[in-house]
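In what follows, a single structure is set out as structure tokens and then discussed.
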Amino acid sequence: MATIKQVAQAAGVSFTTVSHVLNNTRPVSDAARRAVLAAAEQLHYVPSALARSLRSRSTGTIGLIIPNNTNPYFSEVARGIEDSCYAAGYSVILCNSDDDPVKQRDYLNVLLTKRCDGLILSALADSDGELLRKMKVPAVLLDRAPSDLSIDAVAVDNRAGGALAARHLLGLGRRRLACIAGPREVRISNERIAGARSAMADAGVVLADALCVHGDFTSAGGYAAALDLLALPPGQRPDALFCCNDLMAFGALRAAAERGIAVPGELAVVGFDDIDLASFVHPALSSVAQNTRELGHITAACLLARIADPALPRQQRSIAPALHVRGSSVAVPATVTSSAPTSSPATELMGMTS
């Protein structure tokens with residue numbers, strides 16, 4: 001890679017003249033400017049981003065850490081973030097933590113070392129929050145933000161989303177509701193289940209512990225959890241499933257199909273996130289929508305505002321969810337029996353494997 005000194009030699013000018021031309025920091029004669037630009041093009045000279053960042057105290061980069069980039073929810077949110085940051089002149093460095101606290105801490109240290117102008121983090125330990133405060137880096141917590149950290153945060157109202165799903169299923173006349181939750185330690189999953197429990201309690205329906213099982217936010221996890229629930233005797237088997245994300249709901253649809261259980265005739269299913277694939281499985285999946293792309297735009301706007309004015313009051317954005325009802329949880333005639341067509345496995349329909 002060519003250096004600025006090589007450009008100066010090729011152009012027949014001084015090192016400082018090249019610097020002034022490339023950085024537009026002082027008037028230079030037209031002849032010298034043309035010579036420098038021609039030499040830089042001939043040598044394929046690329047200015048040092050590190051040197052520029054040291055001068056401007058800005059790298060033009062945003063660090064983004066998400067738990068799982070294979071989950072369409074996170075990829076859709078990341079796209080919204082990237083679109084907004086790119087439009088504002090920033091590049092996004094994407095890191096995938098695999099829900100591993102050690103890996104997340106390593107990536108956080110890397111991004112801090114690279115002097116990113118701001119960070120967006122989708123999961124954060126308390127100790128990492130203390131690190132951010134000490135480093136004084138503008139940051140926004142997305143989706144899985146601990147409530148006791150004084151850092152900007154953007155999240156969907158998960159309790160309200162769980163309540164929406166439960167009220168919808170109860171409104172269909174379903175009374176044996178079951179939930180497929182995410183990992184026990186993930187706060188957003190617990191909030192969604194708490195919202196569903198509250199709505200059920202208001203209707204005089206109790207969510208039995210045996211009907212609330214945990215998955216891992218993957219299709220395979222939802223499939224395994226649903227198989228356990230659907231193996232219960234007919235009188236105890238649930239007639240409705242609320243899954244804490246769409247991927248687990250796709251797994252539940254496959255489990256129902258393998259068991260010969262008609263959806264929505266014998267089993268209504270609702271997911272959470274409303275990713276694009278929810279409209280293309282069969283039956284199409286009802287889902288609590290977060291408007292993932294817009295969530296990304298809002299998160300990016302929050303961070304850009306913090307970068308522009310570090311003295312802003314703490315920003316806490318709670319986004320109201322909406323329920324999108326599709327074929328997996330529509331009202332069905334009372335005459336529907338188990339001989340009705342069953343749901344097709346979501347993953348097979350899309351040419352994917354769980």
Side-chain angles (χ1 to χ4, degrees), residues 64-86 92-100 104 120-123 142-144 154-156 158 161-162 164-165 180-183 186 188-189 192 214-226 241-255 257 263 269-300 319 321-329 343-354:
L64 170 61
I65 302 179
I66 58 176
N68 182 2
N69 62 2
T70 64
N71 184 332
Y73 164 75
F74 289 111
S75 61
E76 291 172 17
V77 172
R79 181 56 187 268
I81 291 171
E82 192 226 348
D83 287 347
S84 292
C85 290
Y86 180 80
V92 175
I93 301 174
L94 175 64
C95 302
N96 178 56
S97 71
D98 291 321
D99 272 320
D100 180 345
Q104 176 171 297
I120 296 174
L121 310 166
S122 187
L142 167 65
D143 191 36
R144 303 184 186 183
V154 177
V156 168
N158 290 294
L164 277 176
I180 298 181
V186 176
I188 60 168
S189 173
R192 292 169 188 178
H214 292 266
D216 58 2
F217 283 138
T218 67
S219 296
Y223 171 75
L241 278 181
F242 167 48
C243 304
C244 278
N245 81 343
D246 287 347
L247 291 183
M248 292 194 296
F250 294 160
L253 289 178
R254 176 169 180 167
V263 176
V269 180
V270 174
F272 203 111
D273 291 338
D274 197 36
I275 61 177
D276 288 343
L277 287 175
S279 297
F280 294 95
V281 296
H282 180 72
L285 178 67
S286 296
S287 185
V288 178
Q290 300 198 58
N291 195 345
T292 49
R293 194 69 62 90
E294 183 61 22
L295 184 62
H297 291 317
I298 292 170
T299 304
I319 312 301
L323 178 65
H324 291 174
V325 177
R326 301 188 181 93
S328 68
S329 68
S343 59
S344 296
T347 49
E348 288 181 4
L349 199 70
M350 301 308 301
M352 301 168 62
T353 57
S354 299

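Quick caveat, the model's predicted, so the values are computed rather than measured.
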Please round to the nearest 0.5 Å and tell me the distance separating atom CG of D246 and atom CG of L253. 10.0 Å

Answer yes when R293 and D276 have at least one side-chain N-carboxylate O distance shorter than 4.0 Å, and no when they do not. no

Side chain proximity check, D100 to Q104, heavy atoms < 4.5 angstrom: no

What distance do D274 atom CG and Q290 atom CD have between them, rounded to the nearest 0.5 Å? 9.5 Å

Do F250 and L285 come close enough that some side-chain heavy atom pair is under 4.5 Å? yes

Show the nearest heavy-atom pair for residues A252 and C243, with the distance to one decimal. CB-SG, 4.1 Å

Indicate yes or no: at least one non-hydrogen side-chain atom of Y73 is less than 4.5 angstrom from one of F217. no

For the atom pair CG (L241) and OG (S329), what is the distance rounded to the nearest 0.5 Å? 11.5 Å

Here the pair of heavy atoms bringing G271 nearest to A249 is CA-CB, 4.0 Å

Between F272 and G162, what is the shortest heavy-atom contact and its length? CE1-N, 4.0 Å

Would you say the side-chain atoms of H214 pair up with the backbone N or O of G182, donor to acceptor, closer than 3.5 Å? yes

Nearest 0.5 Å, please: how far is OG1 in T70 from CG in N96? 7.0 Å

When you measure from the side chain of R192 to the backbone N and O of C244, does any donor-acceptor pair fall under 3.5 Å? yes

Between N71 and N69, is any side-chain donor less than 3.5 angstrom from a side-chain acceptor? no

Working to the nearest 0.5 angstrom, can you tell me the gap between L142 CG and L64 CG? 8.0 Å

Going through the checks in order, is the side chain to side chain contact (heavy atoms under 4.5 Å, CB included) test met by Y223 and M248? CA-CA 7 Å; Y223 171 75; M248 292 194 296; over 6 Å; no

Option from I120, L94, I66 for which side chain to side chain contact (heavy atoms under 4.5 Å, CB included) with I81 holds: I120

Between P321 and L164, is there a side-chain heavy-atom distance shorter than 4.5 Å? yes

Checking T292, L295, D273 against E76 for side chain to side chain contact (heavy atoms under 4.5 Å, CB included), the one that qualifies is T292

Quick one: CD1 on I298 to OG on S84, what's the gap to the nearest 0.5 Å? 9.5 Å

In terms of side-chain heavy atoms, does H324 have a donor or acceptor partner in S287 at a distance below 3.5 Å? no

